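Worksheet: the structure to be examined is printed underneath.
Remember, predicted model here, so these are calculated numbers, not experimental data. When a ligand or atom number is given, it counts from 1 through the structure's own listing order.
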Amino acid sequence: MKLGVLATYRNFLPVTAKTPIFSLGEGDTPLVRCGKLEKEIGCGELYFKLEGCNPTGSFKDRGMVVAVAKALEAGSQTIMCASTGNTSASAAAYAAYCGLTAIIIVSKGNIAAGKLAQATIHGAKIVAIDGNFDQALRIVRSLTEKHPISLVNSVNPHRIEGQKTAAFEIIEALSDAPDHLFIPVGNAGNITAYWKGFVEYYQAGRASHKPKMMGFQAEGAAPIVRGHIIEQPQTIASAIRIGNPASWQRAVTARDESGGIIGIVSDEEIMSAQRLMATGAGVFGEPASAASFAGLIKMIQQGADFSSKKIVCVVTGNGLKDTDAVLQNTMPFLELPADFATVEQALGWS
Ligand code: F0G
């Protein structure tokens, strides 16, 4: 049985004698090396951290288990979040497991179908607003200040605590920190969490150095890179369609303290990285997830030299959550009658 994030890392988490310890099987996700892509794109060692292998298919579960445990400890009966999809799926699942009510606020028409299906099947109360994620988060923050409800967005510090455990796992798997960590940036909680995790394990003597944090935002939703709020963020990567990240400053700190960067990738670069990851490594990440690998490819194309570097790209969410983007951009398949000779001929074997 998997212990889960709370039991495995309790000494690094805000776990007290009163904190309930439970798990839906989050954490302990694979770190997969891809020699083929290493050669193809030209970097020393290339690893993908498969966060889509978490129980609800994204990294959110690591933070959610801690946030929900602390909400239970505080006597809360209801949790609430704004979401571009994955946080809501995770909140809904953990609320269901713990017998809590989950209320989620989403931007109408902007959530991938798989994620909405998750929130629905787990029984969350879903509110879709005529507005974007940033507006939804503002409403949720005000509501949870006014009413006795636990906020489980990453502005809740317990979320960051849980999510930092992915950095611990990377160091454990590699027996040290990588040279660079490539990661998508949306609301900027995850880059904040990874940096915290790398710093803590470094301070605990578990790593000889800390990685450079390489965050990537989508071109139409890149407030940190552009240095101002984006009122109408646009990108095919709906999970990171965010114009005013809650952890903006902390992402900048992670970038600067690590000597890393936060850069931009276009939707085309995201979709082509998603495809290369799928065809070259057998890894199917959702579009937002591919922003990390897209950033790596872009930097190499621009002349960066990673030929002797150990690189980890975080694949934040499972591609099965958002198949629309893929199917719209794929070559149509062959449609044939159910006839042996016709199929054989169409495949070029007769
Ligand atoms: N990748 C995926 C698949 C995500 O769902 C998110 C964020 C990110 C990357 C960016 O992480 O926000 O910590 O910088 N999704 C949030 C949500 C906003 O509501 O599910 P971040």
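Residue-ligand proximity, S83 to ligand 1, at heavy-atom distances under 4.0 Å covers atoms 17 (C), 19 (O), 20 (O). For ligand 1 and T84, the ligand atoms under 4.0 Å from any heavy atom of the residue are 15 (N), 16 (C), 17 (C), 18 (C), 19 (O), 20 (O). Residue E286 approaches ligand 1 through these ligand atoms, each under 4.0 Å from one of its heavy atoms: 3 (C). Counting the atoms of ligand 1 from 1 in the order shown, those under 4.0 Å from a heavy atom of G189 are 13 (O), 14 (O), 21 (P).
The N/O atoms of G317, backbone and side chain alike, include none that comes under 3.5 Å of an N/O atom in ligand 1. Residue S289 has no nitrogen or oxygen atom sitting less than 3.5 Å from a nitrogen or oxygen atom of ligand 1, judged on distance alone. Polar contact with ligand 1: absent for I240 (N/O pair, distance under 3.5 Å). Not a single N or O atom of I242, backbone or side chain, sits closer than 3.5 Å to an N or O atom of ligand 1.
Among all protein heavy atoms, the one lying closest to atom 4 (C) of ligand 1 is A239 CB, 3.6 Å. The nearest heavy-atom contact from the protein to atom 12 (O) of ligand 1 is N187 N, 2.7 Å. Looking at atom 20 (O) of ligand 1, its nearest protein heavy atom turns out to be T87 N, 2.8 Å. Looking at atom 15 (N) of ligand 1, its nearest protein heavy atom turns out to be K60 NZ, 2.8 Å. Given atom 11 (O) of ligand 1, the protein heavy atom at minimum distance is F59 CZ, 3.5 Å. The shortest contact between atom 5 (O) of ligand 1 and any protein heavy atom is with N86 ND2, 2.7 Å. For atom 9 (C) of ligand 1, the nearest protein heavy atom (residue, atom name, distance) is T316 OG1, 3.5 Å.
Here atom 13 (O) of ligand 1 lies nearest to N190 when heavy atoms of L137, V185, N190, I111 are compared.
Here the two rings, on Y201 and F12, have centers that are under 6.0 Å apart.
Hydrophobic clustering (side-chain heavy atoms under 4.5 Å, transitive across Ile, Leu, Val, Met, Phe, Trp, Tyr) groups L24 together with Y9.
Taking the ring centre of F198 as origin, the terminal cationic atom of K210 falls outside the region bounded by 6.0 Å and 45° from the ring axis.
With contacts defined as side-chain heavy-atom distances shorter than 4.5 Å, the pair I41/F293 qualifies. A 4.5 Å side-chain heavy-atom check between E200 and K196 finds at least one atom pair inside the cut-off. Looking at heavy atoms from C-beta onward, V66 lies in side-chain contact with V5 at the 4.5 angstrom threshold. With contacts defined as side-chain heavy-atom distances shorter than 4.5 Å, the pair H209/D176 qualifies. Two residues are said to be in side-chain contact when any heavy atoms from C-beta on lie closer than 4.5 Å; I129 and Q135 meet this criterion.
Taking a 4.0 Å cut-off on heavy atoms, S58 fails to register as neighbouring ligand 1.
Side-chain polar atoms of T316 and S289 form a donor-acceptor pair below 3.5 angstrom.
Pairs engaging residues 91-115 under the salt bridge (charged side-chain N to carboxylate O under 4.0 Å, His left out) rule: K108-D130, K115-E286 [sequence neighbours left out]. Among residue pairs with one or both ends in residues 59-75, those qualifying as salt bridge (charged side-chain N to carboxylate O under 4.0 Å, His left out) are E51-R62, R62-E169, K70-E73; sequence neighbours excluded.
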